[in-house]
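Just follow the structure's listing: the first ligand is 1, and inside any ligand the first atom is 1.
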Amino acid sequence: MCRHLAWLGEPRTVASLVLEPPHGLLTQSYAPRRQSHGLMNADGWGVGLHHPEAPPGAPPVRWRSSRPLWGDASFHSVAPVLWAGSVLAAVRSATPGMPADETAAAPFTDGTWLVSHNGRVDRSVLPAAAAVAAESTCDSAVLAAHLLDRGVDDLGTTVTEVAAADPTARLSLLLGDGTRVLAVTWGDPLSYLHTEAGVVVASEPYDDDLRWVDVADRHLVVATRDGVQVTPLGARHRAAS
Ligand code: GLN
């Protein structure tokens with residue numbers, strides 16, 4: 001499984017989110033604390049951001065790689081001067097059978113949303129159209145295409161339907177469009193930290209700040225600069241679908 005995080009708030013450097021925290025994604029790439037599947041996340045990494053100086057509606061930019069995060073000297077050099085108020089980043093532990101190139105590394109995008117998936121899903125339960133639209137044959141890319149095609153307003157319902165079609169699926173997710181962070185816990189955990197500067201949602205806390213809140217499994221998180229809402233998924237969404 002992978003480790004990921006999303007930030008929404010005051011512009012800050014990518015290094016301050018990914019490289020510098022005592023237990024940030026860099027550390028989680030080789031020594032995750034709360035990972036239940038896989039020992040490390042050495043199969044690539046990706047960072048996407050909505051740049052503060054981009055014109056409204058401009059697509060997010062991404063920097064992805066199939067190499068381990070700890071070995072990427074160029075990223076370590078540039079990340080301290082890369083600023084953004086909306087960032088989504090991931091380190092990858094590839095699911096067996098999935099492609100190894102950088103296009104299989106999160107975040108995925110439709111030109112507006114950035115999407116990261118922590119888990120696995122049987123691609124045969126997803127619509128053929130999603131496989132065509134996806135950026136990669138990786139299960140996470142196909143899932144991202146399906147979720148974005150269905151629309152983020154139906155995220156909880158769509159996830160619940162996919163889980164019903166593949167009961168072994170693990171479907172934890174992070175999505176960001178620069179104004180909101182949406183997150184789902186389904187099989188793998190997430191925690192969030194809301195401060196005056198903004199909100200971060202992550203697979204595991206990147207430091208020992210006592211304000212981190214763990215999200216229970218099968219919940220939907222909607223985070224804006226103003227606050228964080230957490231609602232249960234499951235029966236209600238099944239009933240609505
Ligand atoms: N299934 C995805 C992949 O192969 C995500 C894996 C994960 O969460 N470790 O990359």
Side-chain angles (χ1 to χ4, degrees), residues 1-6 18 23-48 62-72 88-110 113-127 130-131 133-148 155 158-159 162-163 165-176 181-191 201-206 215 217-219 221 233:
M1 94 170 158
C2 309
R3 307 275 84 186
H4 50 187
L5 73 76
V18 173
H23 200 70
L25 286 182
L26 173 59
T27 312
Q28 290 172 40
S29 68
Y30 55 81
R33 288 197 281 200
R34 294 192 179 178
Q35 188 156 329
S36 50
H37 297 82
L39 290 178
M40 54 170 63
N41 301 286
D43 299 322
W45 57 271
V47 173
R62 289 179 294 171
W63 187 355
R64 297 180 293 165
S65 169
S66 59
R67 295 181 296 167
L69 181 60
W70 65 77
D72 204 312
L88 205 153
V91 289
R92 180 176 183 221
S93 168
T95 298
M98 294 300 139
D101 67 290
E102 77 175 54
T103 65
F108 307 102
T109 190
D110 64 351
W113 286 90
L114 293 165
V115 182
S116 175
H117 167 225
N118 173 194
R120 55 146 298 281
V121 61
D122 179 351
R123 289 168 290 185
S124 71
V125 307
L126 300 171
E135 296 180 81
S136 161
T137 57
C138 182
D139 59 348
S140 301
V142 181
L143 177 66
H146 177 50
L147 297 172
L148 293 173
L155 182 63
T158 311
V159 167
V162 172
D166 175 7
T168 67
R170 289 183 289 109
L171 299 166
S172 289
L173 294 156
L174 286 176
L175 293 83
V181 170
L182 310 179
V184 168
T185 51
W186 197 291
D188 290 299
L190 288 170
S191 305
V201 187
S203 302
E204 48 189 274
Y206 60 44
V215 180
D217 198 35
R218 302 193 177 191
H219 279 68
V221 179
L233 292 173

statement: Per-atom filter on ligand 1: closer than 4.0 angstrom to a heavy atom of Cys2 are 5 (C), 6 (C), 7 (C), 8 (O), 9 (N)
statement: So for Arg92 against ligand 1, with non-hydrogen atoms under 4.0 Å, the contacting part is side chain
message: Give the atom numbers and elements of ligand 1 that come within less than 4.0 Å of a heavy atom of Asn118.
response: 8 (O)
Ser65 side-chain N/O to Gly44 backbone N/O, donor-acceptor pair under 3.5 Å: no
message: Please classify the Ala105 to ligand 1 contact at 4.0 Å (heavy-atom distances, strictly less than): side chain, backbone, both or neither.
response: neither
task: Answer side chain, backbone, both or neither: which part of Thr95 comes under 4.0 Å from ligand 1, heavy atoms only.
output: both
Interfacing atoms of ligand 1 (cut-off 4.0 Å, heavy-atom, Cys138): 3 (C), 4 (O), 10 (O)
task: For Ala94, counting its heavy atoms only, list the atoms of ligand 1 lying under 4.0 Å from any of them.
output: 4 (O)
- request: Mark yes or no for whether Gln28, through its side chain, and Arg33, through its backbone, hold a donor-acceptor pair below 3.5 Å.
  value: no
message: With nothing but distance in play, are any N or O atoms of Asp139 less than 3.5 Å from an N or O of ligand 1?
response: yes
message: Under 4.0 Å from a heavy atom of Met98: which atoms of ligand 1 are those, numbered in the order shown and with their elements?
response: 4 (O)
query: Which of these passes side chain to side chain contact (heavy atoms under 4.5 Å, CB included) with Val184: Asn118, Leu173, Leu175, Leu190?
result: Leu173
message: Between Asp188 and Arg170, does any side-chain N to carboxylate O distance fall below 4.0 Å?
response: yes
- prompt: For the side chain of Thr185 and the backbone of His219, is there at least one donor-acceptor N/O pair under 3.5 Å apart?
  reply: yes
message: Which residue is it: Thr109, Leu148, Leu143? I am looking for the one with a side chain to side chain contact (heavy atoms under 4.5 Å, CB included) to Val115.
response: Leu148
task: For ligand 1, find out whether one of its N or O atoms is nearer than 3.5 Å to an N or O atom of Gly119.
output: yes
query: Does Ser140 approach ligand 1 within less than 4.0 angstrom via side chain, backbone, both or neither, non-hydrogen atoms only?
result: side chain
message: Does Arg64 form a side-chain hydrogen bond (donor to acceptor under 3.5 Å, both in side chains) with Thr103? I'd like the steps, not just the answer.
response: CA-CA 8 Å; Arg64 297 180 293 165; Thr103 65; 6.0 Å; no
message: What verdict does the side-chain contact (heavy atoms from CB on, under 4.5 Å) test give for Leu69 and Val18, after you've listed the backbone C-alpha separation in whole Å, the side-chain angles of each residue and the deciding distance to 0.1 Å?
response: CA-CA 10 Å; Leu69 181 60; Val18 173; 3.9 Å; yes
